[in-house]
Structures are given as C-alpha cells and as structure tokens.
Peer 1: 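Before I ask anything, let me first share the structure, which is written out below as structure tokens.
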Amino acid sequence: MLTPISLMKVIAGEGNNRSTPNDKIFLGVIGTGSRGHHLAYLIKEYGHELGMEVTALCDVYQPHLEHTHAMIPEAKVYNDYRRMLDEATELHGVIICTPLHVHAGPTIDSLDRGLHVFCEKAMARTLDDTYAMAEAYYRTGKSLHIGHQRLFDPKFLRGMNKVYNDDLGVVTQIRAYWHRNNDWRRPVPEGQPELERFINWRLYRDYSCGLLTELASHHIQVANWAKKARPVEVRGTGSISFWRDGREVEDNVALIFSYDDGTQFIYDSMIQNRRHGLEVQVLGHKGTLELETNNFFLEEPPPPPKPAGIVQLLQDLEQNVLGKVPIGSSSWDPEIAMTYKGESIVADNNTDGTFEQFYGFAKAIREDKPIPGLFEEGYYASLWTLLGQQAIDTGKAVKMPEKYDISKFNPREFV
Amino acid sequence: MKDIVIKGNRIKAELLMLLYCYIAANLVNVYAIIKYETSWIEIFTWQRFILFIAVLFYVVTIVVRLIVFGFRKGMRKT
C-alpha cells in the first residue's frame with residue numbers, strides 16, 4: 001500500500017544509498033520538447049545527488065533534439081527510439097516526454113527490454129493504450145512511474161497524512177480548479193504551417209484531451225489519493241468558448257467525479273481567466289486542506305490567545321461607550337468565507353515534487369522493483385481523465401468498463 | 001516676574017494623590033484579572049501600563065480639581 005510516510009522516506013533519501021561513486025544510473029530521454037528538456041536539465045544539474053546521468057537523447061524533431069543536446073553534449077542522440085533502445089545498452093531507464101498519443105509504444109518497448117520507465121502524465125490518449133501500458137508493467141515487473149509529481153511534493157504528502165490521520169474528519173467533497181489566461185499555443189516555425197498539429201498537439205483531439213490530460217490528470221490523482229479510492233462515475237461538460245482558433249479541445253470544462261461513499265470531486269478548468277490560478281481543496285467536517293497553496297484550516301479554529309484582563313476591560317468599556325446600539329437585526333447572517341488564515345502544511349514550501357520524483361525513480365531502479373502502489377495512482381488518474389473526456393463528449397454519466405480494472409493483476413496494491 | 005512658590009505640603013499632597021491613583025489603577029487591574037479570569041502574573045507584567053493608567057487618573061483629578069476650583073471662585077464673586 002502506498003502511504004505518504006513511505007514516500008516521505010523516499011524523498012528523504014531512504015533506498016538511494018549508492019554503494020560507490022561509480023554506482024550510476026544511466027538514463028535516456030525520449031522526447032526533448034519543453035518538458036523533456038526541463039527534466040533533462042534537472043538531472044544534469046541535480047542528478048549527481050542520485051548518481052543519475054542522461055546518456056542518450058531521442059526526438060524526431062531536430063530543433064528540440066539539438067537544443068537539449070547543446071545542454072548535454074556528451075549524450076548520444078537518436079531520431080528513432082527503437083534504435084536508441086538497441087544501441088544504448090548502458091541504459092537503466094528511460095524518461096518519456098513525447099506527445100500523449102505516442103507514450104504507449106516507447107513505454108511498452110522499454111519495459112519489454114527490461115528498462116525502468118518514467119513516463120510523463122497522462123499515460124496515454126486512449127483507454128486501450130493506457131491498459132496496454134499497465135499490462136506491460138505487471139508483465140515485466142519493472143517500474144513505471146507516471147509523472148504526477150504531487151505524489152512527491154512534501155506539502156501534498158503531509159496533507160495526505162492529515163487526511164489519513166483524521167485531522168479533516170470525514171471528507172465528503174474535494175474541489176479543484178486550474179485556470180490560466182493564455183491561448184496555450186506554441187510558436188510554429190515561420191513558413192512551416194504543416195507543423196501546426198505537430199507542435200500544438202495539445203490542441204487536437206487525435207493527440208490530446210487538452211485541459212483534461214494535460215492539467216486535470218494531476219488533480220484527479222490527488223482526489224483518488226485523498227479518498228484511497230477511485231471514482232465510480234463521472235459527469236461533465238465542456239466547450240470551446242473563447243479560443244475559437246481552430247483547436248479541437250475544450251478551453252472550458254467542468255466535471256464531477258462521484259465516489260462510492262458519496263464523496264463528490266468537483267473540477268473545472270479554463271484558459272481565459274487566471275484570477276484564481278490553481279487549487280485543490282479537500283473538505284472534511286473538521287477541516288480543509290488547500291494543498292496547492294500549502295494551507296490547512298480547522299472548522300473550529302483554536303481561539304486566539306486572550307489579551308490581558310486590563311486590555312479586555314478597556315475594550316469592553318470602549319464597546320459600551322462607542323459601540324453601535326442594535327435597533328433590529330437580520331434573521332440570517334451571510335455565510336461568507338471565514339477570515340481565519342489557517343496554518344501552513346509545511347514550513348518550507350520550495351518544491352513542487354518534480355525533481356523529488358527522481359528519488360523514487362532512482363530507488364526503484366537500484367532495487368530493480370517498483371515502489372508498491374505508485375503505478376496504480378498514475379493508472380487510475382490517467383484512466384479517469386479519459387473517462388472524464390468521454391463524459392463531456394457523450395453528455396452522459398460514465399463508469400469505468402470492467403476490463404480496465406487492474407486489480408486482477410495485483411489485488412494487494414489496488415488503489 | 002513673580003516667582004511661583006510650591007510649598008512642601010502641596011508637593012506632599014500631590015504625591016499622595018499620585019499614590020492613590022496608582023493604587024486605584026492596580027485595583028482596577030485586579031478587578032479585570034478576576035473578571036476575565038486571566039493570569040495573576042499580569043499584576044507584575046502589566047505594571048508599565050498600570051503606571052500609564054495611574055498618570056491618566058491623576059490628570060483626571062487635576063482636571064476635576066481645576067473645575068471645582070473655578071466653580072468655587074465663580075461662586076465667591078457672585
């Protein structure tokens with residue numbers, strides 16, 4: 001069972017004891033676009049803490065490959081991941097940051113060759129590809145980390161501890177939103193309009209589910225994690241309401257995921273207003289977590305320390321002399337939000353878990369086995385992301401088809 | 001210019017008045033501690049504030065005495 005404590009131990013370094021300085025982990029990066037480049041950068045800058053090194057880079061798009069190769073010139077470069085898997089025999093693992101619709105092929109081929117895989121979220125564009133990746137994971141016994149970095153973010157880990165320790169009481173609702181204000185487009189090289197779909201794959205249905213697979217997947221994972229369960233049903237709606245520029249994915253979505261115990265996870269996302277940014281709120285009858293902003297609130301806040309008696313006496317006198325005299329009152333007090341500022345979940349909120357994921361990946365590679373329960377978090381988050389898209393497309397409540405249930409592979413690690 | 005002479009008795013009376021004010025301020029503090037069930041240590045920790053209250057009380061007595069003095073003087077003239 002995946003517990004916050006076990007992941008805290010991982011990011012504290014447990015299980016990453018290098019036997020010698022030569023005990024290195026060699027990685028290949030497949031897909032060197034913005035995310036792949038960033039992860040390669042993190043490993044280049046900080047990977048030495050874990051003995052990690054990028055020795056191979058692969059991309060079909062030469063400008064991206066050259067950009068990342070300029071940063072890591074010692075790495076070998078490839079245009080075909082199969083050739084990389086054949087030739088780069090030193091590799092212990094691969095990082096897959098290709099567009100969503102081409103996650104499954106490299107992942108399954110890498111697992112089949114005995115490599116450990118870190119694959120960016122969401123897992124795949126289709127339910128069948130997602131399931132095929134899961135099947136390969138269980139068949140090979142290698143680790144398959146999905147890039148839901150909140151699993152390694154200290155404030156989320158401590159927050160989940162609060163949920164599991166009953167500090168929030170009974171959690172019956174989770175709310176999350178992710179709002180941006182931009183068109184989400186990447187620049188297409190001048191004079192090459194044929195690259196539009198290739199560069200802006202996030203905006204087209206063949207390759208992506210847009211806001212759902214790129215953003216919502218993270219918060220669905222958090223909701224499942226908080227509930228230690230997966231939803232039973234999702235309803236949703238969505239539209240292209242602002243950026244009517246030829247894109248095929250919604251720029252405005254709203255979903256409700258229902259859990260077996262009656263809990264509702266309410267999610268919305270849009271890219272035409274960023275006033276509220278992003279947040280995930282876990283609401284219990286005793287307290288509330290606002291995980292993205294590192295806050296915890298009690299329903300009954302501890303009373304503030306009482307001022308000295310003499311101060312209270314003067315305050316009372318002031319109130320009696322200068323206070324307003326009520327001549328009538330409303331029968332109802334507006335239930336406006338509490339002004340109580342709550343407390344921080346962690347004192348130092350200086351990471352989002354992106355690099356800390358590699359502590360887990362390094363541990364899995366060194367021990368040559370997955371971290372129990374971790375893959376299932378990524379699988380069900382990815383699966384329910386795609387089911388959310390189905391709910392939007394059909395306008396109906398959608399349940400998970402039985403055949404995608406992976407508890408048959410490993411019932412003990414069932415989320 | 002005429003010198004103003006403050007006699008010893010007057011100084012003694014004013015110091016006594018200040019002492020009464022200080023005692024009164026402390027009594028108010030004790031009352032507040034009992035009423036609001038706060039810590040008895042406030043008798044010591046809030047002494048600076050009590051001194052301020054005592055001075056405030058003393059200023060009030062001066063104002064009251066000036067008013068009474070003015071009133072009496074006015075009565076005598078009439």
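So that the names make sense, note that chain A is the first sequence line, chain B the second, and so on, each numbered from 1.
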Peer 1: What closest approach, in Å, do K35(B) and D316(A) show between heavy atoms, and which atom pair accounts for it?
Peer 2: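 In this case the closest contact between K35(B) and D316(A) is NZ-OD2, 4.4 Å.
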
Peer 1: Provide the closest heavy-atom pair for K306(A) versus E37(B) in the form atom of the first, atom of the second, distance.
Peer 2: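 Looks like NZ-O, 3.9 Å.
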
Peer 1: Does the side chain of V311(A) reach to within under 4.5 Å of the side chain of Y36(B), using non-hydrogen atoms?
Peer 2: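 No, side chains not in contact.
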
Peer 1: How many angstroms lie between CD1 in I43(B) and CD1 in I310(A), if you round to the nearest 0.5 Å?
Peer 2: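 One finds 11.0 Å between CD1 of I43(B) and CD1 of I310(A).
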
Peer 1: Count the heavy atoms of every other residue, nucleotide or ligand shown that sit under 6.0 Å from OH of Y31(B), and state whether that count exceeds 12.
Peer 2: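 No, because the 6.0 Å sphere around OH of Y31(B) holds 12 heavy atoms or fewer from other groups.
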
Peer 1: How about residues 252-264 of chain A versus chain B: which residues have heavy atoms under 4.5 Å apart?
Peer 2: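 Listed by number: none.
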
Peer 1: Are more than 12 heavy atoms, taken from residues, nucleotides or ligands other than L16(B), located less than 6.0 Å from that residue's CG atom?
Peer 2: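 Counting neighbours around CG of L16(B), more than 12 heavy atoms of other residues, nucleotides or ligands fall under 6.0 Å, so yes.
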
Peer 1: So which heavy atom on T38(B) is nearest to which on Q312(A), and how close?
Peer 2: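 Where T38(B) meets Q312(A) most closely, the heavy atoms are CG2-NE2, 3.5 Å.
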
Peer 1: Answer yes or no: are there more than 12 heavy-atom neighbours, outside R274(A) itself, under 6.0 Å from its atom CZ?
Peer 2: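 At most 12 heavy atoms, drawn from other residues, nucleotides or ligands, come within 6.0 Å of this atom.
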
Peer 1: Is it the case that over 12 heavy atoms from other parts of the model lie below 6.0 angstrom from the CG atom of L66(B)?
Peer 2: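 Yes, enclosed.
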
Peer 1: Any idea which of T45(B), I33(B), N29(B) has the most non-hydrogen atom pairs under 4.5 angstrom with chain A?
Peer 2: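 When all of T45(B), I33(B), N29(B) are compared, N29(B) has the most.
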
Peer 1: Answer yes or no: does atom CZ of R158(A) have more than 12 heavy-atom neighbours from other residues, nucleotides or ligands under 6.0 Å?
Peer 2: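 Check fails, neighbour count at 12 or below.
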
